[in-house]
Novice: 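Please read through the structure below; I'll follow up with questions.
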Protein chains: 2
Amino acid sequence: MGCDSPAPRRYNGVLPPSVDRPPMKDTLSAVNCGNCSVRRLCLPAGLSGEEIDRLEKITGKRRMLRAGEALYRAGDPFTNLFAIRSGSFKSTVIAADGDTQVTHFALPGELLGLDAYSGRMHSSFAEALEDSSVCVLPFAQLEGLAQEVPALQHQIYNIFSEELKKENETLLLLGKRSAETRMAALLMNISSRYSRRGYSATAFVLSMPRTDIANYLGLTAETVSRLLTKFQREKMIAVRGREVEILDLIALSELAGTHCSYEDAGA
Amino acid sequence: MGCDSPAPRRYNGVLPPSVDRPPMKDTLSAVNCGNCSVRRLCLPAGLSGEEIDRLEKITGKRRMLRAGEALYRAGDPFTNLFAIRSGSFKSTVIAADGDTQVTHFALPGELLGLDAYSGRMHSSFAEALEDSSVCVLPFAQLEGLAQEVPALQHQIYNIFSEELKKENETLLLLGKRSAETRMAALLMNISSRYSRRGYSATAFVLSMPRTDIANYLGLTAETVSRLLTKFQREKMIAVRGREVEILDLIALSELAGTHCSYEDAGA
DNA sequence: GGGGCGGCTTGATGTGCATCAAGAGCCGCC
DNA sequence: GGCGGCTCTTGATGCACATCAAGCCGCCCC
């Protein structure tokens with residue numbers, strides 16, 4: 001394509017390592033939004049019981065993925081949105097020179113593929129960070145249903161809008177913050193997202209390798225490693241491989257500069 | 001609010017300087033989407049003549065703003081979207097510590113306020129960079145119309161999705177690129193956006209000061225200034241204050257690393 | 001005209017994080 | 001068990017860009 005030119009700068013490829021285990025086969029088990037543990041965070045939020053029933057009729061199946069498996073790749077035709085049911089994903093984009101950028105880490109209840117609507121083609125990659133399961137949402141049908149169910153349309157706008165808001169915060173982080181602040185902010189972010197999902201806010205396992213964290217934060221893996229060690233030395237966290245325990249939530253949130261939006265962190 | 005803590009890092013306030021001229025008064029002149037020069041880029045894209053008529057009934061009025069005037073501020077209740085008719089804007093978010101980040105520069109045909117839908121409140125600021133005019137779109141009515149007009153709903157999704165896609169590219173830029181690459185990419189980006197709007201791709205006036213460019217790119221004004229000087233020395237551009245002329249589009253696009261997506265730049 | 005101010009440029013110095021390099025822990029596999 | 005390949009850590013060095021500090025230019029206003 002003649003696109004081999006300029007200077008990447010920093011970094012180290014982070015492309016789908018293409019796992020050797022066979023992909024899990026698609027299961028056709030029916031989706032059950034009404035009982036789903038993340039329904040408050042997902043499409044069904046704000047829908048009546050009857051509306052959720054209609055939604056379930058559309059979201060025909062689930063798909064299981066193994067760690068490292070790609071949910072979609074840039075260039076794939078866009079037909080489905082995916083709602084994460086369990087596990088976690090990273091989204092990445094790739095520059096013309098082959099350089100990769102991790103743009104999100106996605107957790108259960110979040111939707112993947114929204115950026116593919118315009119152009120009818122995925123422009124980013126989504127890859128499972130651990131064995132995961134997603135609900136498959138054929139967008140054409142979803143769109144049709146939203147036309148009839150205002151609450152659903154409402155929720156779709158909500159999710160788009162939330163997504164934009166989150167990206168603004170990421171820009172703030174990347175644009176002007178020190179490595180230390182970025183790292184602290186990521187830990188706080190993951191903590192609060194796990195917490196919303198009913199997991200511990202202070203003890204969790206990072207599902208992604210250091211290289212992905214570094215890439216996401218615009219740093220290097222070495223710097224991430226040093227920062228985690230430093231935080232540990234300062235008794236803010238305890239780290240063992242990918243296991244993290246937050247020992248001093250207040251200190252960490254102050255470092256992150258987000259304590260005001262993290263409810264009652266200061267109380 | 002007890003939010004006076006941590007380390008800002010770098011930078012220099014960029015908040016609404018609050019112009020001394022009185023704000024322009026709102027004019028009630030009817031909007032005419034059908035004739036608007038940016039309708040291809042705006043909400044009417046893909047709508048039939050009759051549908052555009054219905055859209056016009058909703059978009060009741062225009063609003064004129066002077067350079068430096070705020071269109072909305074974080075915390076304002078969300079009732080309207082705004083479509084830029086002429087001029088340009090910057091969007092910014094503000095961190096808990098008061099630090100500001102410019103997240104976008106917006107040009108005619110683009111929508112402002114999309115990130116405020118969820119939560120019914122603006123979470124960012126939009127400020128006119130020059131005397132500008134916008135169409136006011138009461139979102140409740142727009143939402144109602146979209147419920148009846150699939151093509152409009154479609155276009156709203158399109159715009160949301162485009163917005164997400166653009167943010168991904170910005171993340172790529174901020175996450176891993178050198179100052180030089182960022183600056184070149186911004187110039188190319190502005191160039192192509194002006195070009196889509198029927199203006200020259202190679203000669204334009206930057207409507208924003210160096211500090212805003214620097215802030216947007218995660219750099220300092222000094223670095224921006226040095227880079228522009230350097231590009232000029234290397235005969236890629238000519239700069240005089242805010243006037244920019246691109247002398248070597250190819251070289252600049254190669255520096256930016258985006259030449260593959262810039263149609264026919266290599267032809 | 002001249003003084004003040006904000007935006008811009010240019011230079012000198014400093015530093016935060018990348019880069020390079022080596023080694024340690026962990027795991028799957030032969 | 002032990003080898004090869006990961007991810008992760010830790011240390012030494014260097015550089016890109018921030019920071020600090022003048023000075024310039026255009027513009028408004030007295």
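Sequence lines set the chain letters: A, B, ... in the order given, protein chains first and strands last, and positions in each chain run from 1. Quick caveat: nothing in here was measured; it's all calculated off a predicted structure. Heavy-atom basis, side chains included; hydrogens, waters and symmetry copies ignored.
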Novice: What about the rings of Tyr216(B) and Phe105(B), do their centers lie closer together than 6.0 Å?
Specialist: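 Under 6.0 Å, so yes.
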Novice: Can you tell me if the side-chain N/O atoms of Thr223(A) get under 4.0 Å from OP1 or OP2 in dA18(C)?
Specialist: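 Yes, Thr223(A) has a side-chain N/O under 4.0 Å of OP1/OP2 on dA18(C).
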Novice: Output the single nucleotide from dC8(C), dC17(C), dC17(D) whose closest atom is nearest the side chain of Ala179(A).
Specialist: dC17(C)
Novice: Return all side-chain donor-acceptor pairs below 3.5 angstrom for residues 226-233 of chain B, not counting sequence neighbours, or 'none' if the list is empty.
Specialist:
residue	atom	partner	partner atom	Å
Thr229(B)	OG1	Ser225(B)	O	2.9
Lys230(B)	NZ	Glu180(B)	OE2	2.1
Gln232(B)	OE1	Val239(B)	N	2.5

Novice: Taking the minimum atom-to-atom distance to the side chain of Thr229(A), which one of dT9(D), dT10(C), dA18(D) wins?
Specialist: dT9(D)
Novice: Mind calculating the distance between CZ (Arg233(A)) and C1' (dG11(D)) to the nearest angstrom?
Specialist: 13 Å
Novice: Note the angle between the end axes of the helix from dG1(C)-dC30(D) to dC30(C)-dG1(D), five pairs defining each, rounded to 10 degrees.
Specialist: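 Roughly 30°, once rounded to the nearest ten degrees.
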Novice: Rounded off to whole Å, could you give me the CD1-to-C1' distance for the Ile213(B) and dT9(C) pair?
Specialist: 14 Å
Novice: Can you tell me whether the side chain of Arg226(B) and the base of dG11(C) have a donor-acceptor pair closer than 3.5 Å?
Specialist: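 Side chain to base: pair present.
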Novice: In terms of side-chain heavy atoms of Pro209(B), which of dT7(D), dG7(C), dT9(C) is nearest?
Specialist: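 Among the listed nucleotides, the one closest to the side chain of Pro209(B) is dG7(C).
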Novice: Could you tell me which residues satisfy ring-ring contact (aromatic ring centres under 6.0 Å, His included) with His122(B), sequence neighbours excluded, listed by chain and number?
Specialist: Tyr72(B), Phe78(B)
Novice: Taking NZ, NE, NH1 and NH2 as the nitrogens, is one of them in Glu163(A) or Lys166(A) under 4.0 Å from a carboxylate oxygen of the other?
Specialist: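 The answer is yes: the pair qualifies as a salt bridge.
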Novice: To the nearest angstrom, how far is Arg242(A) atom CZ from dC27(C) atom C1'?
Specialist: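 Those two atoms, CZ and C1', are 12 Å apart.
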Novice: How long is the line joining CZ of Arg210(A) and P of dT10(D), in whole Å?
Specialist: 10 Å
Novice: Classify the side chain of Arg240(A) and the base of dG25(C) as holding, or not holding, a donor-acceptor pair under 3.5 Å.
Specialist: no
Novice: Please give, in whole Å, the distance from dC17(D) P to Asn215(B) CG?
Specialist: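 Checked: the CG to P distance equals 17 Å.
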Novice: Round to a whole Å and report the spacing from CZ of Arg177(B) to P of dA18(C).
Specialist: 15 Å
Novice: Less than 3.5 Å between a donor and an acceptor, one on the side chain of Glu180(A) and one on the base of dC17(C), is that the case here?
Specialist: no
Novice: Are any side-chain N or O atoms of Ser191(B) and backbone N or O atoms of Ala201(B), one a donor and one an acceptor, separated by less than 3.5 Å?
Specialist: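 Side chain of Ser191(B) to backbone of Ala201(B), a donor-acceptor pair under 3.5 Å: yes, one is there.
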Novice: So does Arg197(B) have more than 12 non-hydrogen atoms from other groups sitting under 6.0 Å from CZ?
Specialist: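 Buried by this count: over 12 neighbours within 6.0 Å.
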Novice: Checking Ser207(A) against Ser88(A): is there a side-chain donor and acceptor pair closer than 3.5 Å?
Specialist: yes
Novice: Quickly work out the Met183(A) CE to dC17(C) P distance and round it to whole Å.
Specialist: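 One finds 13 Å between P of dC17(C) and CE of Met183(A), rounded.
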Novice: Would Lys90(B) and Asp212(B) pass as an ion pair if we require N to O under 4.0 Å?
Specialist: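 Yes, charged N to carboxylate O under 4.0 Å.
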Novice: Given dC8(D), dC17(D), dC8(C), identify the nucleotide with an atom nearest to the side chain of Ser225(A).
Specialist: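 Among the listed nucleotides, the one closest to the side chain of Ser225(A) is dC8(D).
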Novice: Examine dG16(C): is either OP1 or OP2 under 4.0 Å from a nitrogen or oxygen in the side chain of Ser178(A)? Give yes or no.
Specialist: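 For dG16(C), neither OP1 nor OP2 has a side-chain N or O of Ser178(A) closer than 4.0 Å.
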Novice: Figure out the NZ/P separation between Lys230(A) and dG11(D), and round it to whole Å.
Specialist: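 About 15 Å, once rounded to whole Å.
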Novice: Side chain of Thr220(B): nearest nucleotide among dA18(D), dC17(C), dA18(C)?
Specialist: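 Comparing dA18(D), dC17(C), dA18(C) against the side chain of Thr220(B), the answer is dA18(D).
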Novice: Out of dT19(D), dT10(D), dC8(C), which nucleotide sits closest to the side chain of Glu222(A)?
Specialist: dT10(D)
